[in-house]
Novice: 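The structure under discussion is supplied below as structure tokens; questions concerning it will follow.
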2 protein chains.
Amino acid sequence: MNISQAARQSGLSAKTIRYYEDIELIAPAARSDNGYRQYDAKSLEELRFLARARDVGFDLEESRQLLDLRRDNSRQSRHARDLVMEKSQKLQTRIEQLLSMQRELLVMASRCKGDEGPDCAILEDLSAGQAGES
Amino acid sequence: MNISQAARQSGLSAKTIRYYEDIELIAPAARSDNGYRQYDAKSLEELRFLARARDVGFDLEESRQLLDLRRDNSRQSRHARDLVMEKSQKLQTRIEQLLSMQRELLVMASRCKGDEGPDCAILEDLSAGQAGES
DNA sequence: CCTTGACCTTACAGTTAGTGGAAGGTTTAG
DNA sequence: CTAAACCTTCCACTAACTGTAAGGTCAAGG
């Protein structure tokens, strides 16, 4: 299977697959006589795994750890669970940050008339506001 | 006022202030005889404004637009309001994405025993999962 | 045989919003 | 005289790719 096939079947782009090979996240693909990269069922599985890990929020370093775990037959499922719970915590923190920003935006917007005139509570709030420690 | 003073009073780092000047987000600072950048109350206000805009989630391009509005005496407050509401929408979308990821993580974690053995529902879920369209 | 289009290859630049560090000039205190 | 604490510019690095250029390969159609 050529790279564009592998891309379609994994949900990654061909560019991304080459990039993952470049940074040694996956092993160098086999090559056919013309130099084209070849993918089999096994490598495709890893590509799908990575696509899915990225999808649920893991960054590349974390995805690498997860993939290492998947490859390791003497793994302990506890390690995978730890990675997932830690990520969930990070997401939680980030979500709370975003919610707090959004609340501030909505408060500002509610105080702004939003008409043709120059008086604007938003601009005032942004000027006056104490540096946030959010 | 020198740059580190301006940094302390605005909540930005000195590095960041120089960077903002570099990308022409703010006007080049006045210089004293020795070549040091000088900041007055007016420029400090703009720095604080930028710090606060970034704080509530605007990226640099959006912050630039907001700053332009603040500088424009014939502005219409409607424009500021539009920017804020649009940003709030974007945050909403992002928050929902993160929540959806987190839900998936928690489902996976709940299905994983998390013990010393290699059997792991998380690894299986990541392998099997259909490419998410979240 | 030739061309066209769809593949594939590598390599380099650009994106965001800065941060880190090097190499060197200035100012102030002791 | 020297050390600390400023300041300057410039270059490299981060994450996770994407875009583009220049060129090689392959299958179909005229």
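Letters A, B, ... are given to chains in the order of the sequence lines, protein chains preceding strands, and every chain is numbered from 1.
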Novice: Between B:Ser127 and A:Arg70, is there a side-chain donor-acceptor contact under 3.5 Å, judged purely by atom types and distance?
Specialist: yes

Novice: Students often get this wrong, so: under 4.0 angstrom with heavy atoms, is A:Arg54 touching a base, only sugar-phosphate, or nothing?
Specialist: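 The answer is sugar-phosphate, as A:Arg54 gets under 4.0 Å only of primed atoms, P, OP1 or OP2.
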
Novice: Under 4.0 Å, counting only non-hydrogen atoms across every strand here, what does A:Ile3 touch: a base, just sugar-phosphate, or nothing?
Specialist: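 Sugar-phosphate contact only - A:Ile3 comes under 4.0 Å of backbone atoms but never of a base.
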
Novice: Between B:Gln5 and B:Lys15, which is nearer to the 5' end of DNA chain D once each is assigned its nearest nucleotide?
Specialist: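 Its nearest nucleotide lies further toward 5', so the answer is B:Gln5.
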
Novice: Hydrogens and angles aside, do A:Asn2 and A:Ser4 bring a side-chain donor and acceptor to less than 3.5 Å of each other?
Specialist: no

Novice: Identify, residue by residue, the members of residues 89-96 of chain A with a heavy atom below 4.0 Å from DNA chain C, and return them in order of residue number, or none.
Specialist: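 None - not one residue of the stretch has a heavy atom sitting under 4.0 Å from the strand.
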
Novice: Walk along DNA chain C from 5' to 3' and tell me the first and last nucleotide with an atom closer than 4.0 Å to a non-hydrogen atom of chain B.
Specialist: C:dA17 to C:dT27

Novice: Let's see if you get this right: which residues in residues 26-41 of chain B place a heavy atom under 4.0 Å from DNA chain C?
Specialist: B:Asn34, B:Tyr36

Novice: How would you list, by chain and number, every residue that makes a side-chain hydrogen bond (donor to acceptor under 3.5 Å, both in side chains) with A:Asp59, sequence neighbours excluded?
Specialist: none

Novice: Can B:Arg52 and A:Glu104 be counted as an ion pair, charged N to O under 4.0 angstrom?
Specialist: yes

Novice: Identify the heavy atoms of B:Val84 and A:Ala109 that sit nearest to each other, and give their distance.
Specialist: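 Here B:Val84 and A:Ala109 meet closest at CG1-CB, 3.9 Å.
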
Novice: So do the side chains of B:Tyr19 and B:Leu25 get within less than 4.5 Å of each other, counting heavy atoms only?
Specialist: no

Novice: Using the rule that two of Ile, Leu, Val, Met, Phe, Trp, Tyr join whenever any of their side-chain heavy atoms come within less than 4.5 Å, decide whether A:Leu83 and A:Leu60 are in one cluster.
Specialist: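 Yes, it is one cluster - the side chains of A:Leu83 and A:Leu60 are joined through contacts under 4.5 Å.
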
Novice: Taking side chain as C-beta onward, heavy atoms only, is A:Leu98 less than 4.5 Å from B:Arg94?
Specialist: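 They are in side-chain contact.
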
Novice: Under the side chain to side chain contact (heavy atoms under 4.5 Å, CB included) criterion, do B:Ile122 and B:Arg111 qualify, and how do the steps go?
Specialist: CA-CA 7 Å; B:Ile122 291 165; B:Arg111 304 202 325 101; over 6 Å; no

Novice: Please find the earliest and latest nucleotides of DNA chain D, in the 5' to 3' direction, that have an atom within less than 4.0 Å of any heavy atom of chain A.
Specialist: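 In short, chain A contacts DNA chain D from D:dA16 to D:dC26.
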
Novice: State, with a plain yes or no, whether a side-chain heavy atom of A:Tyr36 is found less than 4.5 Å away from one of A:Ile3.
Specialist: no

Novice: Given side chain to side chain contact (heavy atoms under 4.5 Å, CB included), test A:Met1 with A:Asp40 step by step and report yes or no.
Specialist: CA-CA 6 Å; A:Met1 182 189 324; A:Asp40 59 11; over 6 Å; no

Novice: Between B:Glu96, B:Lys90, B:Gln89, which is the residue that forms a side-chain hydrogen bond (donor to acceptor under 3.5 Å, both in side chains) with B:Gln92?
Specialist: B:Glu96

Novice: State, to 0.1 Å, how close B:Ser63 and B:Ala53 come at their nearest heavy-atom pair, and which atoms those are.
Specialist: OG-CB, 3.7 Å

Novice: Taking C-beta and beyond as the side chain, do B:His79 and B:Leu69 meet within less than 4.5 Å on heavy atoms?
Specialist: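 With C-beta onward as the side chain, the pair touches.
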
Novice: Hey, what bend do you get for the helix from C:dC1-D:dG30 to C:dG30-D:dC1 if you fit axes on five pairs at each end, rounded to 10°?
Specialist: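 The two end axes of the helix from C:dC1-D:dG30 to C:dG30-D:dC1 meet at 30°.
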
Novice: I'd like to know if the side chain of A:Arg75 reaches the main chain of B:Pro118, judged simply by a donor and an acceptor atom lying under 3.5 Å from each other, with no hydrogens or angles considered.
Specialist: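 Looks like yes, one N/O pair under 3.5 Å.
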
